[in-house]
Amino acid sequence: MITMNVLRALGILMAGMSFANLATSAADDTKQPTLAGKLTITGSSTVAPLVAEIGKRFEQLHPGVRIDVQTGGSSRGIADARSGLADIGMASRDLKSDETDIKGHVIARDGIGMIVNAANPVQSLTDAHIIDIYLGKVTNWKDVGGSDMAISVVNKAEGRSTLELFAQHYKLKNSDIKASVIIGDNQQGIKTVSGNPGAIGYVSIGTAEFEAGQGTPIKLLPLGTVAATVENVQNASFPLSRSLTLVTKDEAKDLPKAFIDFARSKDVHDLVKEQFFVPLAE
Amino acid sequence: MAEMAITRKNNSARDLGLMLVVWSATAIIIAAFTWIIGDFIIHGFERLSWSFLTTSPSNAGRSGGIAPILVSTLLILLIAITVALPIGVATAAFLSEFTRVGGRVRQITTLSLDILAGVPSIVFGLFGNAFFCIWLGLGFSILSGGLTLACMVLPILIRTTQAGLSSVPDEWRRGASALGLSRGAALTHILLPAATPAIAAGLMLGIGRAAAETAALIFTSGYVDRMPSSLDDSGRALAVHIYDLTMNVAGGDANAYASALVLISLLILINSVAVTLTNRYGSQRITAS
């Protein structure tokens, strides 16, 4: 009986579609319970374009489902998941050890690389150099093996999880960082550094690699001995990398679980790569 | 005679200097405008096509078009104008015609409006999110976005309309009351038609500010780039789309430029339609009354 009702509902839904389509869809849907309803997902503006694309593909597979993606930052994604304002939150970081009241589901990885202008002769910087530069102790490239040129420090705006990750890795306090330019997003960082020969900044490796490949005059610096490449982020050998995480209040079930499983599956690896992130290891 | 000649010579030198300053200021403005438009056209024109306007975005907006975004933008603007115009004109009429010059009501209201007009748009965005989306339960929707923009546009609209009404000479009011017209009739038949150009200017400033709005919309009408099926749906506005393409999507620049070109064309279009309507409507009302 239930199957009959489902079939009838599907029939009404797809009245405009051809009979052949109806037959195949109905056959697909009898194997698993029909998914229907609306999912609201909020959070990180870094993760949002990826999840929106995954959502579109999910909607195509399950015509009764609507997935609304909203942005506002990782903190907001976690807060909204916790308060129930959103079914799923998005965060561009791993959950902290004290965030045990919520569940995290990693869907992809992202690496942060230090970038300088392509015209800058510096080939690598030590961790100590980077810390000194960001604390304003070194203000000229000649002190770290470069030419005589003032360093323009590009930092992210407060609240960005990239900044959180960067500051955590170098054990810096944001209030101590002496920034010349404060930027919001990866693209803005790349634009700032490509337009300023003395600038140094940190952005997503996926994005930086793509832009450098497109001829944007920027250069990714290795971290210690590890080159800043997508491969090294995937095999987790690159230290400055992060997870893109979906967050739910409780153990996900029903529609949220189906969506999260789909977002973690191989079916979306092409979408992850299209957004210049690194898919989960297979 | 000689002295006069010298002063005249000085005067003409001064005139020449002033003219140079004025001309170069104008030239700078025109050059800046041409540069911006030229930049958009160079970078965005080849992406612009009929299918760009009629297809949905794909691959996070890098490819595909902007059809749902264009529709959402127009719906948001429509709601904002439909709500703001009557409230704005009524408030301006009240302030200008029914309160005393220098009276407390007018002073306090005018001051609050001027402060509101200068409030950063992100504040309106957060207010709209808290009030319309959460408190009124409208959620992320085109309705929430439109209402938030209406709040944002109101101060500008009221102040320009008020200025327009104040600039109508008092003789007209006295003439109207001498002819036995009620205050309401004088307002609808004489004062408001006379102030129509000011109302239109205020509306244009308002629409300009509204259409260019990102911060107030990202938390109210939201980020969803699906074709809206009702006003309850979340819908991404053009400015939000441009912001997202430039800031969050690597390789989205070309479509961002094309979208910006569409946004500017849309503004020019709305502007010229409004100016045409104002001229026709305004002159008709004055001659008819």
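These figures come from a predicted structure and were not determined experimentally. First the proteins, then the strands, lettered A, B, ... as listed; each starts at 1.
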Inset, instruction - Could you tell me which non-hydrogen atom of B:Pro57 sits nearest to which non-hydrogen atom of A:Lys56, and how far apart they are? - result: O-NZ, 3.3 Å
Inset, instruction - Please determine, among B:Asp244, B:Asp225, B:Ile134, B:Ile218, the option with the most heavy-atom pairs under 4.5 Å with chain A. - result: B:Asp225
Legend entry - 4.5 Å side-chain heavy-atom contact, B:Asn59 and A:Leu271: no
Inset, instruction - Of all the heavy-atom pairs spanning A:Arg66 and B:Arg226, show the shortest one and how long it is. - result: NE-NH1, 3.2 Å
Inset, instruction - Answer yes or no: is there a side-chain heavy-atom contact under 4.5 Å between A:Gln70 and B:Arg236? - result: no
Inset, instruction - Check each atom of A:Ala48 against the heavy atoms of chain B and say whether the ones under 4.5 Å are side chain, backbone, both or neither. - result: both
Legend entry - Side chain proximity check, A:Ser45 to B:Tyr243, heavy atoms < 4.5 angstrom: no
Legend entry - Minimum-distance pair of heavy atoms, taken over all atoms of A:Thr42 and B:Phe140: CG2-CE1, 4.5 Å
Inset, instruction - Evaluate the side-chain proximity of A:Gln188 to B:Thr246: yes if any heavy-atom separation is below 4.5 Å, no if none is. - result: no
Legend entry - A:Gln214, part contacting chain B, at a heavy-atom distance under 4.5 Å: neither
Inset, instruction - Report the C-alpha separation of B:Val224 and A:Ile67 in whole Å, then their side-chain angles, then the decisive distance to 0.1 Å, and conclude whether the side chain to side chain contact (heavy atoms under 4.5 Å, CB included) test is met. - result: CA-CA 9 Å; B:Val224 173; A:Ile67 294 180; over 6 Å; no
Legend entry - Residue A:Lys191 excluded, over 12 heavy atoms near NZ under 6.0 Å: yes
Inset, instruction - Heavy atoms only: give me the nearest B:Phe219-A:Thr71 pair and the separation to one decimal. - result: CE2-O, 3.8 Å
Inset, instruction - Sort A:Leu50 into side chain, backbone, both or neither according to what part of it lies under 4.5 angstrom from a heavy atom of chain B. - result: neither
